[in-house]
Every structure is written in C-alpha cells, then in structure tokens.
Amino acid sequence: MLKEKLAKRMKAFPISGIRKVQAEAKELESQGQHIIHMEIGMPDFDTPEYIKKSCIQSIKDGHVFYTVGAGLLDLRKAISKKLEKENHLIYSTDEIVVTIGLSAGIFTVYAALLDKEDEVLIPNPVYPPYLNIPHLLGAKTIDYSLLEINNYQPDITEIENKITKKTKAIVIISPNNPLGSILTYDSLQHIAQLAIQYNLIVITDEIYERILFDKATHYSIASFPHMKERTLTLNGFSKAYSMTGWRLGYIAGPKEIMPDINKLHGHMNSCATTFVQDAAITALTEEHDEVEKMVAAYQQRKDYLVQNLNKIEGISCTNPQGAFYLFLNIKKLGMTSEEAASYFLHTAHVALVPGTVFGSNGAGYIRMSFANSMKEIKTACYRIQTAVEKLKNK
C-alpha cells in the first residue's frame, strides 16, 4: 500500500548495477565461497596514518559541530592552493564548495543546473549517476560514444551533431570510470571549442586525476582559454587518499553561480563533517609519498593484468592510462555482458560488473577493478582462465 505513495519517478529509477553485483557476491561469501572482489571502485589501501591521526585529534579537540555550508575556510584555502599548483587553476575560496563525497557533488550540480526538458551530453559508457540523476530531475541525457576502436576518444562531429537548443551542459570524466582512459589534449581542446561556440557548461569529473600510468598526463579543461568561466570541476579525496568511507568531495566553479550551488548544497546537507574536513586539510598539506606509493602498486597490478588477461583466448583489453579499471572485451566468448559477469561470479568466484551497467556501449564488455592485492589478482587471472577453458569444453 505504501509503495503506491512513492513518487512516480521512482518506478523508473534503477538500483545501482554495481551494488547489485556486490550484494550477490556477498551472498555467495555468506555461503562459504571465497569471492575475489573486483566489482567495486574502492582502494584496498588503508587511509594514510597521518590523515587518520589528524581526524582523531580533531575529534579530541572538540571539532564536532556544524561549520559553514561551503566548507571550512582553511580547507577551501588548501583546495585552492592544490588547484593552482596541480591544475594551473586560480580559484578563490568563495568559488569552492565542499561536499559530502563526489556523489553529492554530482547531484548538487545537476539539480542546480537542469530544468525539466533540458538536455545534458554524457559519455557512453559512463559512471551511472551521471546517467540516472538527470532523469530524476525530468531532464534528458544525450549520449556521445566512447569506443574502443577510437581508443575511447570522443568523435567531436558526433557531439556537435547532438547539440540542440535545449543542450545546457556536457559531462566529461577523465581519467574515466569505467574505461580507464584519459581524454587527450586535442580531445579536450575540441570539446572546449564546442562549449564556447554553443554556450555550454562543462561538468568535469577529475576524481582519478592522481592515478595515472605510464607517464600519462592529465589536463583540467577549466585551465584552457576562456573555460574557467563555464566549467564546474568535481573532485574529492576518496580515490587518491583512499578515503572512500570518509565521504568528502568538492566543486570548483565560476563565482557567478557558486553561491547558488552553495545554497542548494546547504539545504541538502548543511555541511560536510567537520573533523573529516580537518583531516582533508592535513591530507593536502602534509602529504609526502603516500599517493605515489599507492599508484606504483596500481601500476604493477595493471601491467600484470593487461599482460595475462590478453593471453586468455576470447578476452582482450586495452592498456588503461588512469584510474584502476580494465574494460574487458568479452565479445568472442559468445555471451552477453550480464551472462559473462554472472558466469565468472558463479564459476570463477570473481565479482565483475557487466559493461551495460554503464550504458549501451558497454555491451560485450565487463568492468574489472584492480583495487585489490596482487595475490588476489593473480588468483583471479587463474580462475578466469580456467573458467574460459571450461566454456570451450562444453
């Protein structure tokens, strides 16, 4: 009876396909199976000790009350310095809003920008909230393709052909989840030109910017000429500092609209957790080589997986330049993405995500997170190879 009282929009709102796989994997674990978790984009490293100590000290010092909605001034100052040093961007503290994780940032930006029937261009494949939240708001998503044949770079002509009078914004994610690809300087330059020509806002997700491989370079599109004034940069602490459960992110954007972003964020969340913000200040100001060590370990895992998975007949993958994901091409196995992910979970006991969770262009692919130990990764490769051999012998 109560279900009838739900808003109509909830009937079409999907559950997280990633969490669905995780729940199924946990159920198998409860039955005594050893499941190798490669479905969740969660670093397997502990949060660096210096950050944890800072948080504990903050609690001891009594920093347990509300703070201003935009975030602690000292944190916004630290973020401003970080953006200047690492991204060549100059932001004042009133152009930065601290959010409860990047997810809250995504919702806040969308809710502040999109009216009913507005259109937003999103990549396909894409991290699911970028696809699902606009629909909740009554807006429309128009996808542009990121294809393996193009090394996951966008077709600029395709994007331009999909721009209409209703197009308000374009989303870019680099390094990309689920692909592990990075947008090249040329791709970003072309997107910037379109944004200027058609007066579009750019929403750029740069949460994986510190996790780069093989000397790859990350570029912030807001640093391109005439782009800061039309770009909203979303970032956070979850991935680089292994602070997923701490829930802290931020939005940096033009002074013209950030007061409204902050106003909405304040109604939704009041403020981010005060002692977590204190810890984030420490993360930014006292970092040594903690992030570099984590990235070096990811590099070793990535290299091992790319080399060994490409040896398995029926499976292939490109060499990712960032984040900690492989997008495995399983088209030669003769199975759908959903069938392949289910098969590997139940036969190999390796949890993977169907590519279709991230959009129609994910058909024929499965996403693998290599945020797991090298021991588990080697075991997973062996189990996957054994499972594929079983398919041939059927």
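Computed over heavy atoms, backbone and side chain alike; hydrogens, waters and symmetry mates excluded.
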- Task: May I ask you to establish whether Lys162 and Tyr144 are in a cation-pi arrangement, using a distance under 6.0 Å from NZ or CZ to the six-membered ring centre and at most 45° from the ring axis?
- Result: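 So Lys162 doesn't make the cation-pi contact.
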For the pair [X] (side chain) and [Y] (backbone), establish whether a donor and an acceptor sit closer than 3.5 Å, ignoring hydrogens and angles.
{"X": "Thr274", "Y": "Phe65", "value": "yes"}
{"X": "Asn372", "Y": "His37", "value": "yes"}
{"X": "Arg247", "Y": "Gly101", "value": "no"}
{"X": "Lys378", "Y": "Ser373", "value": "no"}
{"X": "Asp155", "Y": "Glu158", "value": "yes"}
{"X": "Ser223", "Y": "Leu89", "value": "no"}
{"X": "Ser316", "Y": "Asn310", "value": "no"}
{"X": "Ser187", "Y": "Gln153", "value": "no"}

Are [X] and [Y] linked, directly or through other ILVMFWY residues, by side chains that come within less than 4.5 angstrom of each other?
{"X": "Met374", "Y": "Phe370", "answer": "yes"}
{"X": "Leu345", "Y": "Leu391", "answer": "no"}
{"X": "Ile384", "Y": "Leu28", "answer": "no"}
{"X": "Met268", "Y": "Ile96", "answer": "yes"}
{"X": "Leu136", "Y": "Ile100", "answer": "no"}

Tell me, do [X] and [Y] make a side-chain contact under 4.5 Å, heavy atoms counted?
{"X": "Gln57", "Y": "Lys60", "value": "yes"}
{"X": "Phe213", "Y": "Asp303", "value": "no"}
{"X": "Arg383", "Y": "His349", "value": "yes"}
{"X": "Tyr198", "Y": "Thr167", "value": "no"}
{"X": "Leu333", "Y": "Glu339", "value": "no"}
{"X": "Cys317", "Y": "Asn329", "value": "no"}
{"X": "Pro129", "Y": "Tyr127", "value": "yes"}
{"X": "Ile196", "Y": "Arg230", "value": "yes"}

- Task: Look at Glu229 together with Lys255 and state whether they make a salt bridge at an N to O cut-off of under 4.0 Å.
- Result: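 No, no charged N to carboxylate O under 4.0 Å.
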Distance-only check: which donor-acceptor pairs under 3.5 Å involve side-chain atoms of residues 66-76, not counting sequence neighbours?
unit_1	atom_1	unit_2	atom_2	d
Arg76	NE	Gly71	O	2.9
Arg76	NH1	Thr93	O	3.0
Arg76	NH2	Gly71	O	3.1

Should the heavy atoms of other residues, nucleotides or ligands under 6.0 Å from [atom1] of [X] be counted, would the total exceed 12?
{"X": "Lys20", "atom1": "NZ", "answer": "no"}
{"X": "Glu160", "atom1": "CD", "answer": "yes"}
{"X": "His226", "atom1": "NE2", "answer": "no"}
{"X": "Gln197", "atom1": "CD", "answer": "yes"}
{"X": "Met42", "atom1": "CE", "answer": "no"}

Would you mind listing every ring-ring contact (aromatic ring centres under 6.0 Å, His included) that reaches into [range], with sequence neighbours excluded?
{"range": "residues 267-288", "answer": "none"}
{"range": "residues 308-338", "answer": "Tyr208-Phe324, Tyr208-Tyr325, Tyr298-Phe324, Phe327-Tyr365"}
{"range": "residues 80-121", "answer": "none"}

If you take all heavy atoms of [X] and [Y], which pair is closest and at what distance?
{"X": "Ala387", "Y": "Tyr343", "answer": "O-OH, 2.7 Å"}
{"X": "Arg367", "Y": "Gly41", "answer": "NH2-N, 3.9 Å"}
{"X": "Val98", "Y": "Ala272", "answer": "CG1-CB, 4.1 Å"}
{"X": "Ile207", "Y": "Gly236", "answer": "CD1-N, 3.2 Å"}
{"X": "Val109", "Y": "Ile261", "answer": "CA-CD1, 4.3 Å"}
{"X": "Glu39", "Y": "Val353", "answer": "O-CG2, 3.4 Å"}

- Starting from the C-alpha separation in whole Å, work towards a yes-or-no answer on side chain to side chain contact (heavy atoms under 4.5 Å, CB included) for Glu119 and Ile163. CA-CA 9 Å; Glu119 295 177 357; Ile163 296 172; over 6 Å; no
- Message: Just to verify, what does Lys166 make a side-chain hydrogen bond (donor to acceptor under 3.5 Å, both in side chains) with, not counting sequence neighbours?
- Response: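 With sequence neighbours excluded, Lys166 shows a side-chain hydrogen bond (donor to acceptor under 3.5 Å, both in side chains) to no residue whatsoever.
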- Item | Partner residues of Tyr219 under the side-chain hydrogen bond (donor to acceptor under 3.5 Å, both in side chains) criterion, sequence neighbours left out |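 None.
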- Can you check side chain to side chain contact (heavy atoms under 4.5 Å, CB included) on Ser92 and Glu95, steps first, answer last? CA-CA 5 Å; Ser92 62; Glu95 293 177 304; 3.2 Å; yes
- Message: With no hydrogens and no angle check, just 3.5 Å: does a side-chain donor-acceptor pair link Tyr241 and Glu290?
- Response: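 Checked: Tyr241/Glu290 side chains show no N/O donor-acceptor pair below 3.5 Å.
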- Message: For Val120, run the side-chain contact (heavy atoms from CB on, under 4.5 Å) check against Ile201, Leu137, Val171 and tell me which one passes.
- Response: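 That would be Val171.
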